[in-house]
Participant: 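Please see the structure below; I have some questions.
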Amino acid sequence: MIAGALNEKLIPIRPVREINPNTGECTSGWEELPPIRAQRVKLSVREAVRRRETVVEADAAYYVRYQHPIADGWRVLNSDGVKFNVVVEPNRSKMLKILKCTRVND
């Protein structure tokens, strides 16, 4: 992979869990990290009709550098403002991570 191919910006979003020491309540949320560069490898979009609702499903795959701290269960926000759930697959021969993403329907 050459540096010129890293033409996408992704904002990693990691899950955060906090426990209130007074009540013991566990709250969960999301924390945005600084943007990283990525190369989009694949993007597939399809329209699915479920009962009476039409849903747009999108899948994408991105290459990111191996040193970026992204793990399974995180989310990424692409430059178009679409959130994706992430599954990470390492590619040690190229020293990259492949982010297999599915769109979040919030």
Side-chain angles (χ1 to χ4, degrees):
M1 181 173 77
I2 56 175
L6 299 174
N7 53 5
E8 290 275 333
K9 277 191 179 177
L10 297 177
I11 298 174
I13 306 170
R14 70 174 174 193
V16 177
R17 293 182 190 245
E18 296 176 355
I19 297 175
N20 187 338
N22 297 330
T23 62
E25 178 186 10
C26 182
T27 58
S28 59
W30 298 94
E31 177 185 11
E32 289 188 5
L33 298 175
I36 60 173
R37 292 287 201 177
Q39 176 186 359
R40 186 171 61 202
V41 180
K42 178 188 92 163
L43 178 66
S44 64
V45 180
R46 61 194 165 279
E47 187 175 291
V49 177
R50 295 186 182 144
R51 295 191 180 122
R52 294 182 182 173
E53 182 180 13
T54 303
V55 178
V56 176
E57 297 176 349
D59 295 330
Y62 292 95
Y63 278 139
V64 296
R65 295 186 190 265
Y66 200 74
Q67 68 264 21
H68 290 303
I70 292 184
D72 292 340
W74 287 33
R75 290 182 175 178
V76 292
L77 180 67
N78 72 358
S79 57
D80 296 331
V82 179
K83 283 185 187 174
F84 292 100
N85 284 327
V86 173
V87 175
V88 178
E89 181 178 313
N91 186 346
R92 290 190 175 88
S93 64
K94 293 184 178 182
M95 294 303 292
L96 299 171
K97 291 180 184 177
I98 301 172
L99 305 181
K100 294 186 177 182
C101 306
T102 55
R103 183 177 176 183
V104 176
N105 290 322
D106 283 340

Participant: Taking the side chain as C-beta and beyond, is there a heavy-atom pair between T27 and N20 under 4.5 Å?
Facilitator: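 Counting from C-beta outward, T27 and N20 never come under 4.5 Å.
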Participant: Looking at residues at least two apart in the chain, or sitting in another chain, which of them share a side-chain hydrogen bond (donor to acceptor under 3.5 Å, both in side chains) with K97?
Facilitator: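 If we apply the side-chain hydrogen bond (donor to acceptor under 3.5 Å, both in side chains) test to K97, skipping adjacent residues, there are no hits.
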Participant: Output all residues satisfying side chain to side chain contact (heavy atoms under 4.5 Å, CB included) with T102, sequence neighbours left out; order by chain, then residue number.
Facilitator: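 With neighbours one apart ignored, the set is D59, N85.
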Participant: Report yes if some heavy atom in the side chain of R46 is under 4.5 Å from a heavy atom in the side chain of V56; otherwise report no.
Facilitator: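 The answer is no; the side chains never approach within 4.5 Å.
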Participant: So which residues get pulled into V16's cluster when ILVMFWY side chains under 4.5 Å apart are joined, directly or through others?
Facilitator: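 When side chains under 4.5 Å apart are linked, V16 ends up in no cluster with other residues.
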Participant: Search all heavy atoms of P15 against all heavy atoms of W74 and return the closest pair with its distance.
Facilitator: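 For P15 versus W74, the nearest heavy atoms are CD-CD1, 3.7 Å.
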Participant: Excluding sequence neighbours, so at least two apart, what forms side chain to side chain contact (heavy atoms under 4.5 Å, CB included) with A58?
Facilitator: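 Expected list: V45, F84, R103.
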Participant: Filter on salt bridge (charged side-chain N to carboxylate O under 4.0 Å, His left out), then keep only pairs touching residues 17-27, sequence neighbours left out; what's left?
Facilitator: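 The answer is none; no pair qualifies.
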Participant: By side-chain hydrogen bond (donor to acceptor under 3.5 Å, both in side chains), which residues pair with R37, not counting sequence neighbours?
Facilitator: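 R37 satisfies side-chain hydrogen bond (donor to acceptor under 3.5 Å, both in side chains) with no residue once adjacent residues are dropped.
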Participant: With sequence neighbours excluded, tell me which residues meet side chain to side chain contact (heavy atoms under 4.5 Å, CB included) with R51.
Facilitator: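 Checked R51 against side chain to side chain contact (heavy atoms under 4.5 Å, CB included); zero matches.
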Participant: Only counting residues at least two apart or in another chain, list the ones meeting side-chain hydrogen bond (donor to acceptor under 3.5 Å, both in side chains) with R50.
Facilitator: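 R50: side-chain hydrogen bond (donor to acceptor under 3.5 Å, both in side chains) contacts with E57.
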Participant: What residues, two or more places apart in sequence or in another chain, satisfy side chain to side chain contact (heavy atoms under 4.5 Å, CB included) together with D80?
Facilitator: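 Here the qualifying residues are N78, V82.
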Participant: Among Ile, Leu, Val, Met, Phe, Trp and Tyr joined by side-chain contacts under 4.5 Å, find the other residues sharing a cluster with W30 and list them by chain and number.
Facilitator: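 Result for W30 is I11, I13, L77.
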Participant: For E47, which residues count as a side-chain hydrogen bond (donor to acceptor under 3.5 Å, both in side chains) partner, sequence neighbours excluded?
Facilitator: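 Listed in chain order: nothing, the list is empty.
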